[in-house]
Amino acid sequence: FVTWSCGVVVYPRDGTDVHTLLKHADTAMYAAKEQGHNHYAFYDPSMSVQVTEQLALRDELRLALEQDQFEVHYQPIIDAQTGEVGSAEALLRWRHPQRGLLSPTQFITVAENSGLIAEIGRWVLDQALDTAAAWQAGADGAVTMHVNVSAHQLRQDGFVDEIRTLIADSGLPSSVLDLEVTESVLLADAERAEVLLAELKAIGVRIALDDFGTGFSSLSYLKHLPVDMIKIDKSFIDGIPLNVRDCALVDAVLTLGARLDHSIVAEGVETEQQRDWLVTHGCRYLQGFLFSRPVPRAAFLSLCQQRFDVAPSLEASIGF
Ligand code: C2E
Ligand code: CA
Ligand code: CA
């Protein structure tokens with residue numbers, strides 16, 4: 001599979017000699033790469049600053065690994081049938097010495113492009129399984145920990161073996177782990193993804209399709225891929241209950257999920273109105289700031305003892 005990235009310069013605006021033009025084209029090419037595969041970008045002087053920043057960030061990330069600056073926070077996923085926390089998503093954080101707590105959106109692309117994501121991802125998996133073990137020890141039923149995996153991790157040789165070893169070391173059943181992959185990750189190399197997911201499935205790991213609806217949501221994925229769960233992207237949940245189109249789309253995904261026997265999670269639930277609409281339309285799993293933001297391990301473990309309010313209000317059950 002070949003992908004391309006292209007940087008474009010215009011003579012004489014971006015340079016008057018070959019050396020400068022090539023250098024700036026190279027910078028523009030890196031900027032294009034940042035947008036993902038198969039993009040082009042015209043050179044702009046601010047890009048040189050950006051490329052320098054990216055290189056600095058890469059060095060800082062390497063240091064962050066050595067100096068234990070990463071943390072994993074956990075966000076509960078609520079089971080609407082019981083109000084209990086049956087599963088959770090592990091979300092990476094970087095406690096940067098100068099810039100404070102950073103979200104992965106601020107550094108994950110650099111971590112992927114530099115290959116550091118392999119090591120960071122392994123560390124996240126290890127932490128998440130350790131937390132799952134502590135959680136399971138005090139829980140009545142089975143618990144599930146969701147961990148995000150990037151395209152780069154899936155492409156790595158030996159990824160399945162690594163998962164197998166990590167789970168064996170944790171002493172937990174493999175169904176404790178649910179790997180979240182996005183459609184774009186699968187699209188990058190669909191055939192290989194299919195084989196890989198089948199291998200993961202064979203060892204008992206669960207798979208969730210993340211950010212559903214934002215990529216090229218092809219029905220053929222749902223036909224071919226061994227997915228257990230679909231996570232409806234926040235951008236659709238935002239419009240509930242007022243936006244008729246969002247409601248129709250979410251309703252359709254809920255029906256599809258029920259027919260295919262996939263669990264459905266609504267992501268980014270922020271209001272009681274959204275919660276009530278989702279529950280009355282049969283969405284079983286809910287995740288969002290309404291219930292809890294992602295929190296550090298200790299706070300998460302005490303959240304798990306809690307029961308959340310999920311019963312739709314009276315007007316919600318008779319209305320909508
Ligand atoms: P995601 O997998 O879609 O994760 C959900 C994001 O939505 C998280 O952002 C979470 O904090 C945020 N969120 C949850 N509920 C709400 C809500 O009600 N309202 C709003 N506004 N936001 C909500 P976060 O933690 O900043 O993570 C961003 C993305 O970074 C994740 O998106 C995921 O794609 C990636 N990521 C996080 N941790 C990892 C990791 O360990 N490895 C990899 N490869 N990617 C990760
Ligand atoms: Ca996710
Ligand atoms: Ca998501």
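Please read all numbers here as calculations on a predicted model, not as lab measurements. Every number for a ligand or one of its atoms is a count from 1 in the order of the listing. Numbers here simply count residues along the sequence, with the first being 1.
- For atom 19 (N) of ligand 1, the closest heavy atom belonging to the protein is E270 OE2, 2.5 Å.
- Contacts between D233 and ligand 1 below 4.0 angstrom, taking non-hydrogen atoms only, are absent altogether.
- Of the protein's heavy atoms, none falls inside 4.0 Å of atom 9 (O) of ligand 1.
- With a 4.0 Å cut-off on non-hydrogen atoms, K234 touches ligand 1 through its side chain and not its backbone.
- Just one of Q287, R206, E180 meets the side-chain hydrogen bond (donor to acceptor under 3.5 Å, both in side chains) condition when paired with H146; it is E180.
- Counting heavy atoms closer than 4.0 Å to ligand 1, residue L290 contributes nothing at all.
- By the definition of a contact as any protein heavy atom under 4.0 Å away, atom 6 (C) of ligand 1 is not in contact.
- The closest approach between a heavy atom of R293 and any atom of ligand 1 is not below 4.0 Å.
- Dense packing is recorded around NZ of K201, with more than 12 heavy atoms of other residues, nucleotides or ligands lying under 6.0 Å away.
- Contact atoms of ligand 1 toward V269: 18 (O) (distance under 4.0 Å to a heavy atom of the residue).
- A heavy-atom separation below 4.0 Å is not found between G121 and ligand 1.
- Among all non-hydrogen protein atoms, the one lying nearest atom 27 (O) of ligand 1 is P104 CG, 3.7 Å.
- A donor-acceptor contact closer than 3.5 angstrom is absent between the side chains of S263 and Y285.
- Test Q69, Q106, E60 against H96 for side-chain hydrogen bond (donor to acceptor under 3.5 Å, both in side chains) and you get one pass: E60.
- Side-chain heavy-atom separations under 4.5 angstrom define the hydrophobic clusters, and V2 shares its cluster with no other residue.
- Heavy atoms of E267 approach ligand 1 to within less than 4.0 angstrom.
- In terms of protein heavy-atom proximity, atom 15 (N) of ligand 1 is nearest to Q75 NE2, 3.1 Å.
- A continuous path of hydrophobic side-chain contacts links L303 to V310 [ILVMFWY only; heavy atoms under 4.5 Å].
- Residue N148 holds the heavy atom nearest to atom 33 (C) of ligand 1 of all those in L125, V181, N148.
- Ring pair F107/F70 is tilted by interplanar angle, where 30° to 60° counts as tilted.
- Side-chain N or O atoms of N243 include one that pairs as donor or acceptor with a backbone N or O of D246 at under 3.5 Å.
- Within the 4.0 Å heavy-atom criterion, the part of E89 lying near ligand 1 is the side chain and not the backbone.
- The environment of CZ in R13 is crowded: more than 12 heavy-atom neighbours from other residues, nucleotides or ligands sit within 6.0 Å.
- For ligand 1 and D211, the ligand atoms under 4.0 Å from any heavy atom of the residue are 3 (O).
- For ligand 1, one of its N or O atoms has an N or O atom of L92 under 3.5 Å away.
- For ligand 1, the polar-atom distance check finds an N/O of R93 within less than 3.5 Å of one of the ligand's N/O atoms.
- Atom 13 (N) of ligand 1 has its closest protein heavy atom at F289 CE2, 3.6 Å.
- Ring orientation note: the planes of H281 and W277 are close to parallel, at an angle under 30° on the 30°/60° scale.
- Counting heavy atoms closer than 4.0 Å to ligand 1, residue Q287 contributes nothing at all.
- The option with the heavy atom closest to atom 41 (O) of ligand 1, from among V124, I120, L102, is V124.
- Atom 26 (O) of ligand 1 has as its closest protein heavy atom S103 OG, 2.7 Å.
- D228 contributes a side-chain N or O that, together with a main-chain N or O of I207, makes up a donor-acceptor pair within less than 3.5 Å.
- S292 and Y74 share no side-chain donor-acceptor pair at under 3.5 Å.
- Backbone and side-chain nitrogen or oxygen atoms of V149 are examined, and none is located within less than 3.5 angstrom of a nitrogen or oxygen of ligand 1.
- Residues V10 and Y40 share a single hydrophobic cluster, defined by chaining ILVMFWY side chains whose heavy atoms lie under 4.5 Å apart.
- Nearest to atom 28 (C) of ligand 1 among the protein's heavy atoms is T105 CG2, 3.7 Å.
- Of all protein heavy atoms, the one lying nearest to atom 31 (C) of ligand 1 is L91 CD2, 4.3 Å.
- Taking distances strictly below 3.0 Å, the protein N/O/S atoms close to the Ca ion (ligand 2) are E89 OE2, N148 OD1, E180 OE1, D210 OD2.
- In this structure, R297 fails the cation-pi test against F300, since its NZ or CZ atom is not both closer than 6.0 Å to the six-membered ring centre and inside 45 degrees of the ring normal.
- Counting heavy atoms under 4.0 Å from ligand 1, residue D210 touches it through the side chain alone.
- Only the side chain of P294 comes within contact range of ligand 1, with a heavy atom under 4.0 Å; no backbone atom does.
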